[in-house]
There are 4 protein chains.
Amino acid sequence: MSNLRNSVRLMGFLGNDPEVKTIGEKKKVANISIATNDSYKNDKGEKVEETQWHNLVLWDRLAGLAENYLRKGSEISVEGKLTSRSYTDKEGVKRYVTEILVSDLQMLGKKP
Amino acid sequence: MSNLRNSVRLMGFLGNDPEVKTIGEKKKVANISIATNDSYKNDKGEKVEETQWHNLVLWDRLAGLAENYLRKGSEISVEGKLTSRSYTDKEGVKRYVTEILVSDLQMLGKKP
Amino acid sequence: MSNLRNSVRLMGFLGNDPEVKTIGEKKKVANISIATNDSYKNDKGEKVEETQWHNLVLWDRLAGLAENYLRKGSEISVEGKLTSRSYTDKEGVKRYVTEILVSDLQMLGKKP
Amino acid sequence: MSNLRNSVRLMGFLGNDPEVKTIGEKKKVANISIATNDSYKNDKGEKVEETQWHNLVLWDRLAGLAENYLRKGSEISVEGKLTSRSYTDKEGVKRYVTEILVSDLQMLGKKP
DNA sequence: TTTT
DNA sequence: TTTT
């Protein structure tokens, strides 16, 4: 609940249409991948332009909003929490995934 | 450079002493792992208490600060950028790592 | 509701004990003043150390928390919204007040 | 310098064209007023829609950007610090002003 | 004084 | 009016 202990804010563009699943009768979840076009300083003090990709997870009302209004290329601003989880893939290799559990979303740019 | 496009803020406790490396003659980098004790709602609407672990990377002045003042159990507040990179491990498996590149750090709690 | 449109985060020290009022039977409101010790660059590019004072307003659960646990000198971290309102003072002069409506609060530093 | 101690983020619309002044030979400052359309819960737990107006101050590069690209109605996202100052007006009344000293700015919405 |  |  506390935004002060774990908070992520991103502004970026969807790399693909949202993947939306319905769980049971009325739970809905959407997975979104967004790119942030960023610049930072590397270990040599050089400014590096870099695109970072982020995995977002949206539930319920926000999942419905993604399903209805967001498409590949849409620009959004989000706030959420940084979460990590692990799973074992088909080859038996343990994998780690970091995702942003979105709690607030604003659509930016051109309204289609 | 833009905090508005990619920004993470965390308050939490170090799980271990910082790992500090010196690169070349005067570059320094520190790796830190912190736990945020967090609560959120799962897909059933239940409140879940969960500890999340985050990998932080600090360069130069901030790395020196970590080396000198931070230890396992220290409480800190940080701001930074969410970054991801991939590498191939010893078994030839491609791995993804998500890290926070720290740009601001405050020490909290008891000063030792 | 949207943290993305209007969000303030402050870490600082209470200048006085909280002023707490009860409204009607069960509404409670607390007013707090905190100092942030800050540095920024002025119009000459000089770094200026400056203390800023901020007026915080807390309702209900957060007001109770302030009443019970916060005192002059306490260090806190808060998130909230920037709000302004005007009123006419005793001399008939229109006054403007800017306050932060607090939505999240963490106590920092020494626990008494 | 520390974003962690004093940080404001706003997304909103300019109420007027920026007021830009040149100070001395090469210092430039811009004053902007933006509206955030916000909702919060009042003391009765009712959701209140409210427009808040905020005074922004931009120096140098950001002032030039405002002068060249921002107009009444433009939508922007900003990060900055909350600052307050007082002055005595023509009638001899002491006035307090709260402003956001902007450190980062993104233009949103339709590009004219 | 803005905008959806 | 706070604190480091």
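Every heavy atom of this structure was used, including side-chain atoms; hydrogens, water molecules and symmetry mates were not. Residue numbering restarts at 1 for every chain, and letters A, B, ... go by the order of the sequence lines.
Heavy atoms of other residues, nucleotides or ligands lying less than 6.0 angstrom from NZ of A:Lys72 number 12 at most.
Going from atom CD1 of C:Ile34 over to atom C1' of F:dT1 covers 12 Å, rounded to whole Å. Following rounding to the nearest Å, D:Glu49 (CD) and E:dT4 (P) show an atom-to-atom distance of 15 Å. As rounded to whole Å, 21 Å separates atom P of F:dT3 from atom CG of D:Leu4. The CD-P distance, from D:Glu75 to E:dT4, rounds to 8 Å in whole Å. Regarding C:Leu70, its CG atom lies at a distance of 20 Å from the P atom of F:dT1, rounded to whole Å. If you take CZ of C:Phe13 and P of F:dT2, they are 12 Å apart, rounded to a whole angstrom. Regarding D:Arg5, its CZ atom lies at a distance of 13 Å from the P atom of F:dT3, rounded to whole Å. In this structure, the CG atom of C:Asp17 is 15 Å from the P atom of F:dT1, given to the nearest Å.
For a distance-only test at 3.5 Å, the side chain of C:Asn37 qualifies as a donor-acceptor partner of the base of F:dT2.
Residues C:Trp59 and C:Lys28 form no side-chain contact, since every pair of their non-hydrogen atoms from C-beta on lies 4.5 Å or further apart.
When distances are taken from the side chain of D:Ala35 to each of E:dT2, E:dT1, F:dT1, the shortest belongs to E:dT2.
Shown here for C:Ser7 and A:Arg9, the closest heavy-atom pair between the two residues is OG-NH2, 2.8 Å.
Side-chain polar atoms of C:Ser33 and C:His54 form no donor-acceptor pair below 3.5 angstrom.
Using a 4.0 Å heavy-atom cutoff across all strands shown, C:Thr51 reaches at least one base atom of the nucleic acid.
F:dT1 has C:Trp53 stacked on its base ring, the centres lying under 5.5 angstrom apart and the planes within 30 degrees of parallel.
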